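Quick notes on the structure that follows.
Side chains are part of it too, since the values below use all heavy atoms of this structure and drop only hydrogens, waters and symmetry mates. Values in this document were obtained by computation on a predicted structure and should not be read as measured data.
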Amino acid sequence: MIEDDFDFQNIHNVNFAVALRGNGNRYFVPTDAPIKEALKEVLGATLAGFAQLGGDWEPHDISEDYGDRRRVYGARDTDYLADLSAIFDSGDLDDLANAHDHVPDIDHYFGIFHDNQGRKAVGIKKGTQLKGTLGARNKLMRLAGDDTLKMIEDDVLKLDREFDAIVTDGHVFMLKVRSVEYLANIVEHVAGAAAHKVQQIHDTIDFLDFTRIQADIARHPRMARMAASIAARNDLAQIRQDRIQELAAHHGLVLNNVDGRLRCRRQDETKLLEILDDRRYQVDLTATGPVPYRATGRQKVTT
C-alpha cells in the first residue's frame, strides 16, 4: 500500500527540517551529502519496520489502545490528522538561524523526500533522541583510524533509527502510533470536535439520548475518542435498538425512557459508548450462560 504512494528506490532529493516548541514554527536545516544519505537510511528502516510487521494495513482507530506495533494508516485529510498534513504541505521554509541556541527547543524533526516522479514523502519523528546527546559534549568518544579513542568536542545530535510516521500525498502511515498521536495533537483535536461528534450520533441513532453526554464530553478524553470512532461508523444508522438493549442488560447498563428516547445513568455513560464502539461483548461457550467482556484493544479480522 505505502509503495503505491512513493518510489522508495528512486529518491532524488532530500531535505531536513525541524519544528520548535516555543514558537511552533518550522525551519530548514542545511545538511551535507552524508546526512542526506543517513536520512534515506532512516526512511528505508521505517519501511522495513512496516514490512516486518506483516498482516494487512489497518485504518487508524481513534479509540484503539495501540500497545504493540501494527501496520496502521489514516487518510491525510482526516480532521484530527490536520497537524501532520500541515507538515507535509509546508512549502519553502526559512533556514534555522543560530541553530545552537534553538536545538534544545526542537519538538520534532522531519525529512522531506522526493522521488523520480516528483512525489513527496515526509518522515516525521519526535525530537527526544535527537537532543539526547546534547549534554554529553566532551563525554563522547570516536574511534580514530589509528585505533585510538578521541574525544568529540562538538555538540552532537543523534538521528533515530526510524521515523514515527511517513506522510504521503494521500496517507499517514504510522509505525509508532502513540508518538504519532502526540505529533498530531490528537487529544486537543478530538476534544474540540467531541460535542459535534456526539450530536452526529444523537441525530443518527434516534432511539438514544446523548444530550447529557454531549454537555461535558470534551472534558473526558477517552469518551471523546470513542465518540469520534462511533461517529465515523459507516453503519451507524443501522444500529438496532433491540441489540443495544440486549447488550445493556448483559453489562448492567440501565436505560430509562426520557421523552421517547433511552437515556443511560451517569455512571453508565462510558459503558454505552463502549457498546456502540464494539468494545463490550459476551461469550457463551458453556451451559452457565454468557460471560461479559470489555475490550480496550481490538483488531478486526476478515476470516
Mind checking the [atom1]-[atom2] spacing from [X] to [Y]? Nearest 0.5 Å is all I need.
{"X": "Asn256", "Y": "Arg261", "atom1": "CG", "atom2": "CZ", "result": "15.5 Å"}
{"X": "Leu93", "Y": "Asn25", "atom1": "CG", "atom2": "CG", "result": "9.5 Å"}
{"X": "Gln214", "Y": "His196", "atom1": "CD", "atom2": "NE2", "result": "10.0 Å"}
{"X": "His114", "Y": "Asn10", "atom1": "NE2", "atom2": "CG", "result": "15.0 Å"}
{"X": "Thr211", "Y": "His202", "atom1": "OG1", "atom2": "NE2", "result": "6.0 Å"}
{"X": "Ile2", "Y": "Phe50", "atom1": "CD1", "atom2": "CZ", "result": "5.0 Å"}

Please give me the minimum heavy-atom distance between [X] and [Y], naming the atom from each residue.
{"X": "Ser85", "Y": "Arg76", "answer": "OG-NH1, 2.7 Å"}
{"X": "Ala184", "Y": "Leu81", "answer": "CB-CD2, 4.3 Å"}
{"X": "Tyr80", "Y": "His60", "answer": "OH-ND1, 3.3 Å"}
{"X": "Phe8", "Y": "Ile166", "answer": "CE2-CD1, 4.2 Å"}
{"X": "Pro59", "Y": "Tyr66", "answer": "O-OH, 4.0 Å"}
{"X": "Lys36", "Y": "Val14", "answer": "NZ-O, 2.8 Å"}

Among Arg279, Arg225, Arg280, find the one that has a salt bridge (Lys or Arg N to Asp or Glu O under 4.0 Å) with Glu274.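 Answer to the salt bridge (Lys or Arg N to Asp or Glu O under 4.0 Å) test with Glu274 among Arg279, Arg225, Arg280: Arg280.
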
[X] side chain to [Y] main-chain N or O, any donor-acceptor pair under 3.5 Å?
{"X": "Arg71", "Y": "Glu58", "value": "no"}
{"X": "Asp32", "Y": "Ile35", "value": "yes"}
{"X": "Asp268", "Y": "Lys271", "value": "no"}
{"X": "Asp235", "Y": "Gln238", "value": "no"}
{"X": "Asp7", "Y": "Gln117", "value": "no"}

Contacts of Ala19 that satisfy side chain to side chain contact (heavy atoms under 4.5 Å, CB included) - sequence neighbours left out: Arg26, His108

[Y] side chain reached by [X] side chain, heavy atoms, under 4.5 Å:
{"X": "Ile87", "Y": "Asp89", "result": "no"}
{"X": "Leu53", "Y": "Leu175", "result": "yes"}
{"X": "Phe88", "Y": "Val172", "result": "no"}
{"X": "Val283", "Y": "Tyr293", "result": "yes"}
{"X": "Asp278", "Y": "Arg233", "result": "yes"}
{"X": "Ile124", "Y": "Leu84", "result": "yes"}
{"X": "Asp164", "Y": "Lys126", "result": "yes"}
{"X": "Val190", "Y": "Ile62", "result": "yes"}

Could you go through the side chain to side chain contact (heavy atoms under 4.5 Å, CB included) check for Phe28 and Leu96 one step at a time? CA-CA 6 Å; Phe28 281 132; Leu96 183 63; over 6 Å; no

Report the C-alpha distance between Asp83 and Asn185 in whole Å, list the side-chain angles of each, state the deciding distance to 0.1 Å, and finish with yes or no for side-chain hydrogen bond (donor to acceptor under 3.5 Å, both in side chains). CA-CA 7 Å; Asp83 286 12; Asn185 293 313; 2.5 Å; yes

Connected-component partners of Ile230 among ILVMFWY, side-chain separation under 4.5 Å: Val198, Ile201, Ile205, Phe207, Leu208, Phe210, Ile213, Ile217, Met223, Met226, Leu236, Ile239, Ile244, Leu247, Leu253, Leu255, Leu262, Leu272, Leu273, Ile275, Leu276

Distance only, no hydrogens: is a donor on one side chain within 3.5 Å (strictly under) of an acceptor on the other, for His171 and Asp5?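 Note: His171 and Asp5 side chains meet the donor-acceptor criterion.
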
Might you confirm whether atom CG of Asp101 has over 12 heavy atoms from other residues, nucleotides or ligands at distances under 6.0 Å?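 Yes.
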
If you count every heavy atom of other residues, nucleotides or ligands that lies below 6.0 Å from Asp203 atom CG, does the total exceed 12? yes

Looking at Arg298 and Asp65, is there a salt bridge between them, counting it only when a charged N and a carboxylate O are closer than 4.0 Å? no

Ion pair present between Asp79 and Lys197, side-chain N to carboxylate O less than 4.0 angstrom? yes

Between Gln299 and Glu64, is a side chain to side chain contact (heavy atoms under 4.5 Å, CB included) present by the stated rule, with each step listed? CA-CA 9 Å; Gln299 190 169 2; Glu64 176 69 350; 5.7 Å; no

Charged tip of Lys120 within 45° of Phe113 ring normal and under 6.0 Å: no

Establish, yes or no, whether the cationic atom of Lys125 lies under 6.0 Å from the six-membered ring centre of Phe110 and within 45° of the ring axis. no

Using 30° and 60° as the class limits, which term best fits the ring planes of Phe173 and Tyr73: parallel, tilted or perpendicular?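 Rings of Phe173 and Tyr73: tilted, as their planes differ by 30° to 60°.
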
Is there a side chain to side chain contact (heavy atoms under 4.5 Å, CB included) between Leu149 and Arg142? Walk through the geometry before answering. CA-CA 6 Å; Leu149 289 173; Arg142 64 181 178 87; over 6 Å; no

Hey, any chance Leu39 and Leu157 share a hydrophobic cluster, counting ILVMFWY side chains that come within less than 4.5 Å of each other, even indirectly? yes

Run through Thr128, Val29, Leu20 and flag the one making a side-chain contact (heavy atoms from CB on, under 4.5 Å) with Ile106.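 Filter result, single survivor: Leu20.
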
Assess the residue pair Tyr109 and Phe16 against the criterion (ring-ring contact (aromatic ring centres under 6.0 Å, His included)); give the C-alpha distance rounded to whole Å, side-chain angles, the decisive distance to 0.1 Å, and a yes or no. CA-CA 8 Å; Tyr109 65 90; Phe16 181 75; 5.6 Å; yes

Could you walk me through whether Lys176 and Glu162 pass the side chain to side chain contact (heavy atoms under 4.5 Å, CB included) test, one step at a time? CA-CA 10 Å; Lys176 298 178 181 177; Glu162 301 165 326; 3.8 Å; yes

